[in-house]
Enquirer: 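Sending over a structure as structure tokens; questions will come in a sec.
All heavy atoms count here, side chains included; hydrogens, waters and symmetry mates do not. For ligands, and for the atoms within them, numbers begin at 1 and follow the listed sequence.
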Amino acid sequence: MATQENCIFCKIVAGEIPATKVYEDEQAVAFRDINPQAPTHALVIPRTHVASLDDAGESDEALLGHLLRVAARVAADEGQAETGYRTVINTGAGAGQSVFHIHVHVLGGRRLAWPPG
Ligand code: AMP
């Protein structure tokens, strides 16, 4: 399975640095964001290293779909399915991506403004 040295999220997948995991399966891991921006703030990542949405290829289509389905499951587990939640994928530094291992933010538990900042 593709991992990248010095990738903090690959290290979380490998169990080399701690994270509060809320879900995991063969393809994906979800854990609480260390700097939460809402009462519910989890990150859903693939076990394999894909740097960003821009780096995802045709062979990653099923994986991308899986990440979104896991995001919905995590939101439901966190009690956010009825009130609503937001999924966000920041792509590129200009959009706020700071960790270059693709991740879906799952945010909920408070009113979320639109448009986002
Ligand atoms: P982004 O800015 O979209 O790349 O999101 C990266 C997210 O990863 C930020 O919300 C960080 O708070 C979060 N983060 C960074 N390091 C960790 C970590 N070790 N455990 C959990 N979340 C982290």
Side-chain angles (χ1 to χ4, degrees):
M1 186 168 288
T3 58
Q4 190 165 87
E5 227 180 311
N6 299 322
C7 169
I8 192 164
F9 286 178
C10 284
K11 289 188 183 194
I12 286 175
V13 169
E16 289 168 10
I17 64 168
T20 306
K21 291 180 186 164
V22 293
Y23 176 85
E24 57 186 317
D25 63 26
E26 281 183 5
Q27 296 179 78
V29 178
F31 53 92
R32 297 199 188 284
D33 196 292
I34 205 167
N35 181 24
Q37 302 300 312
T40 290
H41 189 175
L43 303 172
V44 182
I45 68 171
R47 286 188 182 274
T48 185
H49 185 85
V50 177
S52 76
L53 192 55
D54 244 16
D55 289 280
E58 202 175 333
S59 64
D60 296 312
E61 281 185 4
L63 178 62
L64 294 174
H66 184 69
L67 296 179
L68 290 178
R69 300 241 314 138
V70 170
R73 180 181 172 145
V74 168
D77 288 349
E78 296 285 317
Q80 305 303 331
E82 289 206 353
T83 45
Y85 58 90
R86 186 169 294 166
T87 49
V88 174
I89 302 175
N90 294 321
T91 304
Q97 185 175 6
S98 60
V99 177
F100 284 80
H101 179 129
I102 194 169
H103 48 282
V104 181
H105 293 261
V106 181
L107 297 145
R110 67 167 170 82
R111 188 137 194 96
L112 297 165
W114 191 263

Enquirer: Side-chain contact test, heavy atoms from C-beta onward, threshold under 4.5 Å: evaluate it for V70 versus Q27 and give yes or no.
Expert: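 No - every pair of side-chain heavy atoms lies 4.5 Å or more apart.
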Enquirer: Does H103 have its ring centroid less than 6.0 Å away from the ring centroid of H101?
Expert: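 No, too far apart.
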Enquirer: Do you know the tightest heavy-atom contact between L107 and L112?
Expert: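 Where L107 meets L112 most closely, the heavy atoms are O-CD1, 3.6 Å.
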Enquirer: Minimum heavy-atom separation for T3 to C10, with atom names?
Expert: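 It is CA-SG, 3.8 Å.
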Enquirer: Does D55 reach the side chain of I102, with side-chain heavy atoms less than 4.5 Å apart?
Expert: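 Side-chain contact under 4.5 Å: no.
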Enquirer: If every non-hydrogen atom of R86 is compared with every non-hydrogen atom of P116, which pair is closest and at what distance?
Expert: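 Heavy atoms of R86 and P116 come nearest at NH1-CB, 4.3 Å.
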Enquirer: List, pair by pair, the atoms of ligand 1 and of the protein that are both N or O and lie under 3.5 Å apart, giving the separation rounded to 0.1 Å.
Expert:
{"unit_1": "ligand 1", "atom_1": "2 (O)", "unit_2": "G96", "atom_2": "O", "d": "2.7"}
{"unit_1": "ligand 1", "atom_1": "2 (O)", "unit_2": "S98", "atom_2": "N", "d": "3.3"}
{"unit_1": "ligand 1", "atom_1": "2 (O)", "unit_2": "S98", "atom_2": "OG", "d": "2.9"}
{"unit_1": "ligand 1", "atom_1": "3 (O)", "unit_2": "N90", "atom_2": "ND2", "d": "2.8"}
{"unit_1": "ligand 1", "atom_1": "3 (O)", "unit_2": "H103", "atom_2": "NE2", "d": "3.0"}
{"unit_1": "ligand 1", "atom_1": "3 (O)", "unit_2": "H105", "atom_2": "NE2", "d": "2.8"}
{"unit_1": "ligand 1", "atom_1": "4 (O)", "unit_2": "S98", "atom_2": "N", "d": "2.6"}
{"unit_1": "ligand 1", "atom_1": "4 (O)", "unit_2": "S98", "atom_2": "OG", "d": "3.3"}
{"unit_1": "ligand 1", "atom_1": "4 (O)", "unit_2": "V99", "atom_2": "N", "d": "3.0"}
{"unit_1": "ligand 1", "atom_1": "4 (O)", "unit_2": "H103", "atom_2": "NE2", "d": "2.9"}
{"unit_1": "ligand 1", "atom_1": "5 (O)", "unit_2": "H103", "atom_2": "NE2", "d": "2.9"}
{"unit_1": "ligand 1", "atom_1": "5 (O)", "unit_2": "H105", "atom_2": "NE2", "d": "3.2"}
{"unit_1": "ligand 1", "atom_1": "10 (O)", "unit_2": "D33", "atom_2": "OD1", "d": "3.2"}
{"unit_1": "ligand 1", "atom_1": "10 (O)", "unit_2": "D33", "atom_2": "OD2", "d": "2.5"}
{"unit_1": "ligand 1", "atom_1": "12 (O)", "unit_2": "D33", "atom_2": "OD1", "d": "2.6"}
{"unit_1": "ligand 1", "atom_1": "22 (N)", "unit_2": "I34", "atom_2": "N", "d": "3.1"}

